[in-house]
Every structure is written in structure tokens, then in C-alpha cells.
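First the structure, in the form of C-alpha cells, and then the observations on it.
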Amino acid sequence: MSTTDTAARRPGDYLPGEIEPKWQRYWEENRTFRTPSVSDKPKYYILDMFPYPSGAGLHVGHPEGYTATDILARYKRMKGYNVLHPMGWDAFGLPAEQYAIETGRHPAEITQRNIATFKRQIMSLGFSYDWDREVSTTNPEYYRWTQWIFLQLYKLGLAYQAEMMVNWCPALGTVLANEEVIDGKSERGGHPVIRKPMRQWVLRITAYAERLLNDLEELDWPESIKEMQRHWIGRSEGAEVTFAIAEQPDLEMEVFTTRPDTLFGATYCVIAPEHELVEKIVAPEYKATVQAYQEEAAKKSDLERTELAKEKSGVFTGAYAINPVNNAKVPIWVADYVLIGYGTGAIMAVPAHDQRDWEFARMHDLPIIPVVSGGDITEAAYTGDGVMINSGLLNGLAVEPAKEKIIAWLEEQGKGQRKVSYRLRDWLFSRQRYWGEPIPILHLEDGTVRPLNDDELPLLLPDVREIKPSGTGESPLVNVTDWLYITDPVTGKQARRETNTMPQWAGSCWYYLRFIDPRNTKAPVDFDLQKYWLPVDLYVGGAEHAVLHLLYARFWHKVLYDIGVVSTKEPFRRLVNQGMILGENGEKMSKSRGNVINPDDIVASHGADTLRLYEMFMGPLEAVKPWDTKGVEGVHRFLRRVWRLYVTEDGRLNPAIAPWEGSPAPLERIYHKTVKKVTQDIEELRFNTAISQMMIFLNEAQKETKLPKRYMEGFVLLLSPFAPHIAEELWQRLGHAETLAYEPWPTWDEAFTVDDTVEIVIQVNGKVRDKAMVPADIDAAGLQEIALKSEKIQTEIAGKEIKKIIAVPGKLCNIVVGK
RNA sequence: GCCGAAGUGGCGGAAUGGCAGACGCAGUCGACUCAAAAUCGACCGGGGUGACCCCCCGUGAGGGUUCAACUCCCUCCUUCGGCACCA
């Protein structure tokens, strides 16, 4: 055993293992970060995406975003803001349920244990959360209000039941989420998965599509995220056109098209295999073929339909539709390239001007009639602009005017109307799971449903000893018969409870509201309090939530806005995505790659301050960047050097720190520059460069023998949001009895941030030829004079014609000469 | 295929019209030490010249705008993220 690695401790050693728990205890005991709900101070609401407390515990990606928000929160407090900076748990979800099924333990117990681990880990990093506001989505006092919001949606007609296709795995006896299905097989076990219609709860998010799209404008979010949401919503303008069915006067077919101008070029129609019209129109002699095709299509997943269908399959129904513009009889086909969920589930096919229709027509020998001039339709569909041809009343028009004219004509004739379609689908809101919020609905014996009354909430999850799959595709709750079947106390009727539970998205849709008023028993959030605190000023989290979580939360927020619960249109004013941290080999961290870094290990070996500082020093917050253990040591060295600047080997305050009169000039300038840069960089979340600047200050201070106390105190305050434990400890050793958390943020004097003399560059034809020290305030003319006097420049330009001289005060002088 | 972001030393990155490589890591040399660790100091893009000075090249590739381009514009390549028959 080596004796060298247990070097003798000296009283002046930097020991994060001792000072970090000490200050964490101090903050907890003194409730240092408790946030008053009301205050005269301006508010600042800074939010992390709350985590799913997985069994694996925290990984180094979590503290990245949490540190960034913590720095800003601590900074804003020192700037005099009343800062709301809470943390909680998105604790419903699949992994706990699966683990429960495997181990026979209760998900609540597993969840509780995981939360305890997460909380211990998060607390060990010294984040300044107000733990009095902690919430968990699995707490009945919380999900009571999740259920309440669901009921509001139901009352507004925004929650409805429908038969929806789900991923049903017969072998596992359960329904799987899309992400649990890989290549048509179950993620666990590799069993086949089929699509099967089941009764589901669905939220009518499409009713809010337009507002969700338009209100993106006012948000300070990354453009890429806004673009992804716009694309997800997928607004497109066009027309809905009514086609009559030949020989079946009581039937009609609605199609959606973005190109009503090409109506005269429609040579056939296609309906989705799942379309209800198929059964009604199919001719007897085609029935067998069509049914076979429908069955084939039902077996395919959405992925197979798109990826494998390089060749567009389809079958003829034997029926014909009547084109309303020219009464042409066109065949109706069934093909799975038309999706039931978009538009009307039926299209008019214009093979001359739509590439998919073109491919289909080629394959099945259907006619292709050009109606827009330009392009070569023997090669490909032509989708560009041109002049309308073969189009009756539209002939001679360009595409856009033709669209307007035909829509007006269709509306006049009652054969169609202008229509906006969205790619966005209604939100499949039910899961056939135990570990989620129960949907507070009763199915009565007479076939009606009764939403629970507010005073019947929360509808608690029944406590069960063992969670077993139902085998029917319903949730494990069907096994809990004494919970399931009741006599409804309100109507007196026999009733069966809803067995579907809510998806994990539900609880995370509104948690930012609950943090404002976490113990309210009368409402999800107090109206006056939300008025003070909303919107969230800064929301930081991973880009994986770019679309779903952020879209769902915005949707709920708008509904709550409409019913007067909240008073802002949008929940999150500013959004920032932190980039992923990769393993040391540059690959994504994962257990199987063996490159996972555990924050606990870094805290144990180097301390929380080092971990925090390193994660911020790695690079820009938004960037993806690899972990480097050597880099950890680098910032740890910086903290040790900071420590030694303040604390002598025998543990006393460095005697060089004193209220010196007339401080050393270089340090004075560096100090003011440092305050300025650190302040501005924090405001712009550029933590890596803020840290660099503090390193520059330290390098400078180490050279000095006289360290003015006011600068040394200011530096500790600058460092404190980044490395709060060491900062508190040094602050105390500088003679302060109280925490520095509410000390005023240091200020700088602009006069000290500009130098008296600066080095300027003298260029000839844009190339640096000489440098000179000049007074900082010298004007362009003076600069030019100095430049021309330079010996090197004189030799350089000798005998050449000076064409132009550009002098930029404080920067450079460029002399442009001829050859 | 479409949309978005990004390409800078050996590595992470800085500079967003004005000295490319701040700060850190790694590396080399030196000081301290019996020795090592720790610490401190110096050097640290490539090439020519070769202590120094000096010159040339250099921010994915090519072109353009400008007195001046890592930075702005165009074309292309590569990587990453997202979407993907949406009529």
C-alpha cells in the first residue's frame, strides 16, 4: 500500500469534501433559498425541465442544464430579483411499471426510492432550489389537479373517445408505445406487434393548431425549435372538394387538395384502406381483392408503409367518382400511400403535377393529363408554376389566380370550399397502464359517461399488491375489481371506472404552474400569484423535448388561458436547449459503451464546485461536447489556486489581502474588466468565457503582493454563482457572518475597463507590417500620422502611390498602396 | 429527399467585419526535491530561416463582396439533430 497518496493534511488545504456539505447544511437549515410568493421585488422565474427519476440515477447531462440555471438564479438574486427556481419529479412512467412487473414490487415504492436518490444527488451539487416547493406528478395532491384540468378539457369538448389504432402485442398481452416498437417487434422480447383499433381518449389539440402556430412568433426560442414546431403543425392551405359517386346518388366523397387549380387533371381518386367509404362503394367483383389489400395494409406499421413502399401498391374498387368541374368519370382506387389521418383520407390524383400520383399512375397504367404548361410529364410530375391548359374556365391563368378562381367557383356551386389542413393530429391521450393518472370518468350501465365532480377528486390509483398485465389490452387496473365496479354515488347507477390512465406528458404539461403555488387546495394555482410569476422567464432543458412536451404544454396553457386560470398566452418566454455531453470517446454516453460518467464520482474525487465549473467551462451551453477528465482536473486546479490566494498553508487569511490604499494599477483594470465581462457573459449564458475571464483575473492577482480587500471580496462574489461552496467559505473567512447569496452583485467602473494606451496595428494593403502603442483616445488623423512615421512602413511603401488610408481609432490603420 | 445547426492548433474552445488561436487540457524545457507528486516559471499552428530578427502559408473546399473576411454573399463537401408518401 502506498503511503504517498494519503499526504498529511495541512490546515490550509482546500477540502471540498468538508466545505461543501457544510454549506449545503447551512443553506438548508437557514432556508436560504426560500422564495417568497409575493414580493415588491421584480420577479424572475427560472425553470429546469424536471427529470424523470430513473433507477440509473443522475448522469452528467442533468447537472449541465441545472448548473446553468443555478448560476443565473444566484446571479439574479444578487441583482435584487425575487427568483423562483424550483425542482420536482416527473415520476409517472413506464420504466417504474416494467420494473414493478419484473420484481413484484410497487411502482410507488420504486419511484419513491428513485426520487430519494435523485434528490440526494441534486442536493450534493449545491443547487439553490427552493425545496419547499418540490412537487411530484405522482402525488395525489398534484395529480388531483392534473385530473381537474382533464375534466376542464372534457367539458370544453376537447377530450373525446375514439377508436384509434394502437400497437398491440399479443405475446405480452399489452399495448406498446411507438417508441417501444422496433421494426414491428416489441422492444422487450422481440414479439410481433400488430395494429389494432381500440377505444382511446383523445385531446383535440388540432382545435388550437392555428394559435399554436401563430403565437410562436412572440417567443424567444431557438429558431430551429420553432421551425420544428411549425413543421409538426404543418399548416397547408387548399380546398375540400366534393366528388359524387357514380351510380350511387346517396354517396359522396370529400377530398382535400392544395392544388385545386389542377382539378381538370384529376384522372383517378384514391382513398385510404381504412376509409369507411371503401365498404360502401366497392363493386362485388372487386370485394375480395380490396379486402385482402385492406388486411395486408392493416398489418403494416406506419414505418413499413412508408419505407418499404418504394413501389406504390393499390387496388381498384370498381367504383367511379364524378369530377365536379367536368363531370368526368374517374376510377376510385384504394392505396396505402393515402393516409387516413390526414385531410379527408381521400385524394383526387393529378399524376401530371404530383410526384406520388405520377408514380402510382405509371405503375397502374392510369392516364396522365397535363393541366399546367411547363415540365415534361413523361419524365416526372411538374410541380412548378405555369399557364393553365386543358382546364376549361381556368385556361390561360397562372397557378395562384387559378386556385382563387376555382375555389370561388366550387363555393358558388356548393361543390367545395376553401380549407386549411394540418399535419398535426389529435393527441392520443390514454395509456393502458397502471402507473399514470387515472382518468376521472365513469362509464355508466346505460352507456353514458359521467365525469367526476371536483369534490370527487383526486381519483386515487388503487393500491395493488401485484401489477399484472390484463391480457386483453386494457390496463392492469381491470384486475382491481373492487375499484373498477362501483355503484355511482351520484346517479345510483352501476358504473365501471375508466381503466385507461394518462400519458407521462400530462403531469409535465402544467408543473411550472404548480411550482408557483404548490400547496393550493382550491385551485391548480392562485390567480394573483400566477399573474406575478408568469411567464417563465427562462426554461432550460434538452432538445429531445423540442416538439412534444413543449407543444402539449403550450396547448394546455392556452386552454387554461381561455378559461381564466392563467393570464399569459404562452408559458415559456425564453427557451434554451443545453447540448448533450458525450463520453470521453466522443460517443453518446451509455452503459453498453461503458463510457458513462457518474456525477457522484466527480463530487467525491474533486467536489461539486469543480463539477459545476467544469460543465460550464466545457464550451457553449447549447453545444454537444465530449467529456474530458483532464479538463476536470484543469478547473479543479483553478479552484485550488483561488483557494491558496485567500488561505495560507496554516489556514489563515492571506496577509496580502488588506484594505490597501492605492491599489496596483494592473489589478484594478483587470478587476473592473472582469466584473464587466462576467456580468455580461452570465446575462447571455456564455459561462465558458466568464470562467476564462475569472482565470485571467486569478493569473494577474497571483503576481501581486498587495491584494486590495474590496477586489478580493468582489471576485468571491463573481465566482459564487459558479462555485458557491468555495465562495461561501472564502466569504466567511473574509470576515462575513452571513451567506453571500443576497449580497449586491459587484459593479464596474467603465473608466477602468478602457486602457489609456492601446496597441494598434499598422497594415499595408491589409497585411500587418508594424504595431505601435498609442493613446487610446487618439483620433483617425493622429493615428494616420503615427502610421506614416513608422520606419517599417516607410520602407514598405517607399516609391509607391498611396491610394487610400483607413484609420480606425483604437484598432488599426491600413495604408492602401499601388503596385 | 426536405428542414435546421455546425466545421478554427494534438484536444475542448475564444474572437462574429479590424493583430486568428483568449482561457484551459495535453506536450517540451527549467526551478524546487535525495526522488516523485504537488507547485512555480518559460515555450507551445505549419513551413522557410533556424538563439533572435524576418518572410511565406493557415479558420472544411472553391468563388465573390470589401481597404480589410473565421466573421457577409453564392456553390459544393462533411458531421450532427429533426422530419419523412401529409395530397
Side-chain angles (χ1 to χ4, degrees), chain A residues 2 4-5 7 222-232 234-236 238 255-260 262 269-270 272 302-303 305-307 309-310 312 335-339 341-350 353-357 359-360 421-425 543-544 546-547 577 579-580 582 584 586 588 614 617-620 622-635 637-638 640-641 644 686 688-696 698-699 702 759-771 792 803-808 810-817:
Chain A
S2 163
T4 52
D5 57 6
E223 197 50 43
S224 61
I225 302 280
K226 290 207 240 180
E227 205 47 46
M228 279 163 67
Q229 291 216 348
R230 284 190 197 107
H231 182 247
W232 192 263
R235 183 182 197 275
S236 58
V255 306
F256 173 73
T257 177
T258 56
R259 294 294 304 274
T262 62
C269 285
V270 185
D302 279 345
L303 202 74
R305 272 190 175 199
T306 57
E307 284 204 343
K310 298 268 185 266
K312 292 196 166 26
D336 64 7
Y337 83 92
V338 170
L339 308 174
Y342 185 77
T344 60
I347 62 157
M348 62 170 207
V350 185
H353 305 289
D354 182 287
Q355 189 58 29
R356 294 154 305 190
D357 296 345
E359 284 165 22
F360 190 83
S421 267
Y422 300 92
R423 207 184 75 100
L424 182 69
R425 309 294 164 81
E544 65 272 23
V547 177
N577 292 122
M580 203 178 13
L582 305 174
E584 289 207 88
K588 202 171 162 174
Y614 174 63
F617 188 61
M618 290 173 83
E622 298 89 337
V624 176
K625 42 214 176 270
W627 185 267
D628 175 21
T629 299
K630 292 286 188 190
V632 178
E633 281 160 22
V635 293
R637 267 201 285 272
F638 165 69
R640 282 217 311 268
R641 286 164 66 209
R644 286 202 313 273
R686 296 195 313 218
N688 54 331
T689 50
I691 295 165
S692 296
Q693 184 62 39
M694 289 191 280
M695 289 173 168
I696 291 169
L698 176 72
N699 290 345
Q702 279 188 316
E759 191 185 44
I760 56 101
V761 173
I762 306 168
Q763 299 177 326
V764 175
N765 286 347
K767 296 201 171 185
V768 180
R769 293 300 175 202
D770 199 9
K771 294 174 183 179
K792 282 181 193 160
K803 288 185 171 170
K804 197 173 180 181
I805 300 179
I806 294 101
V808 183
K811 299 268 189 194
L812 54 60
C813 181
N814 187 13
I815 300 161
V816 185
V817 296

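Chain letters run A, B, ... following the sequence lines, proteins first and then strands; every chain starts at 1.
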Side-chain N,O (A:R230) to OP1/OP2 (B:rC3) below 4.0 Å: no
Reckon A:K804 has a side-chain N or O less than 4.0 Å from the OP1 or OP2 of B:rC67? yes
B:rC80 P sits how many Å from A:M580 CE, rounded? 11 Å
Closest to the 5' end of RNA chain B, once A:Q702 and A:E223 are matched to their nearest nucleotides, is A:E223
Reading 5' to 3' and counting Watson-Crick or G-U wobble pairs with both distances under 3.5 Å, write the dot-bracket notation for RNA chain B, | for bases paired outside the strand. (((((((..(((.....[....))).(((((.......))))).((((.....))))..(((((..]....))))))))))))....
OP1 or OP2 of B:rG82 under 4.0 Å from side-chain N/O of A:K226: no
Reading RNA chain B from 5' onward, which residue's closest nucleotide shows up sooner: A:I225 or A:K625? A:I225
Pick the P atom in B:rG13 and in B:rC55, then give their distance to the nearest Å. 33 Å
Determine the contact category for A:N699: base if any of its heavy atoms lies under 4.0 Å from a base atom, sugar-phosphate if only primed atoms, P, OP1 or OP2 are that close, otherwise nothing. sugar-phosphate
Short side-chain to backbone donor-acceptor contact, A:D354 and A:A349, under 3.5 Å: no
Do A:I347 and A:D357 have side chains that get closer than 4.5 Å, going by heavy atoms? yes
Rounded to the nearest angstrom, tell me the gap between atom CZ in A:R235 and atom C1' in B:rA87. 16 Å
Within the side chain of A:Y614, is there an N or O that forms a donor-acceptor pair under 3.5 Å with the backbone of A:W627? no
Counting just side-chain N and O atoms, does A:R641 come under 4.0 Å of either OP1 or OP2 of B:rC40? yes
Side chain of A:F617: nearest nucleotide among B:rC23, B:rG13, B:rA87? B:rC23
Using whole Å, report how far CG of A:L698 lies from P of B:rU39. 13 Å
Within the modelled atom types, does a donor on one side and an acceptor on the other bring the side chain of A:K312 and the base of B:rC85 under 3.5 Å apart? yes
Atom NE2 of A:H231 to atom P of B:rG1: distance rounded to whole Å? 16 Å
Is A:S692 touching bases, backbone alone, or none of the nucleic acid, heavy atoms closer than 4.0 Å? base
Which pair of non-hydrogen atoms, one from A:V764 and one from A:V817, has the smallest distance, and what is that distance? CG1-CG2, 3.9 Å
Answer with base, sugar-phosphate or nothing: what part of the nucleic acid does A:G234 contact at a heavy-atom distance below 4.0 Å? nothing
If you check the A:W232 side chain, which of B:rC83, B:rG24, B:rG13 turns out closest? B:rC83
Can you tell me how far P in B:rG58 sits from the matching atom in B:rG47, rounded to whole Å? 15 Å
With B for base contact, S for sugar-phosphate-only contact and - for none (protein heavy atoms under 4.0 Å), nucleotides 15-21 of chain B reads ---BB--
Can you see if the side chain of A:S236 gets near the phosphate of B:rA87 - specifically, an N or O under 4.0 Å from OP1 or OP2? yes
Closer than 4.0 Å, any side-chain N/O of A:R637 to the OP1 or OP2 of B:rA26? yes
Judged by atom type as modelled, is there a donor-acceptor pair below 3.5 Å linking the side chain of A:N814 to the main-chain atoms of A:I806? no
Just call it for A:P222: base, sugar-phosphate, or nothing, with non-hydrogen atoms closer than 4.0 Å on any strand. nothing
Round to a whole Å and report the spacing from CD1 of A:I696 to P of B:rC23. 6 Å
For A:K630 and B:rC11, give me the distance from atom NZ to atom P, rounded to whole Å. 17 Å
Please give the distance between the P atoms of B:rU28 and B:rU78 as a whole number of Å. 38 Å
Counting side-chain heavy atoms from C-beta on, which of B:rA22, B:rC67, B:rA87 comes nearest to A:V816? B:rC67
Would you indicate, yes or no, if B:rA14 has its OP1 or OP2 atom less than 4.0 angstrom from a side-chain nitrogen or oxygen of A:N688? yes
Check the angle between the aromatic planes of A:F360 and A:Y337 and answer parallel, tilted or perpendicular using the 30° and 60° thresholds. tilted
Quick one: which of B:rG24, B:rU39, B:rA87 gets closest to the side chain of A:T258? B:rA87
Is the closest basic N to carboxylate O distance between A:E584 and A:K630 below 4.0 Å? no
Of all the nucleotides listed (B:rC40, B:rA84, B:rC23), which has the minimum atom distance to the side chain of A:R644? B:rC40
Nearest to the A:R769 side chain among B:rC55, B:rC25, B:rA84, which nucleotide is it? B:rC55
Rounded C1' spacing from B:rC2 to B:rA84 in Å: 8 Å
Can you name the nearest heavy-atom pair linking A:I760 to A:G810, along with the distance? CG2-C, 3.8 Å
Determine the interatomic distance between P on B:rG64 and the same-named atom on B:rA69; round to the nearest Å. 12 Å
Between CG of A:L339 and C1' of B:rA84 the distance, given in whole Å, is 11 Å
What is the separation between atom CD on A:Q355 and atom P on B:rC2, rounded to the nearest whole Å? 13 Å
Taking the same atom, C1', in B:rC67 and in B:rG21, what whole-Å distance lies between them? 25 Å
Give me the distance, rounded to whole Å, that separates B:rC32 from B:rA36 when you measure between the P atoms they each carry. 12 Å
Taking the C1' atom in each of B:rU79 and B:rC40, what is the distance between them to the nearest angstrom? 42 Å
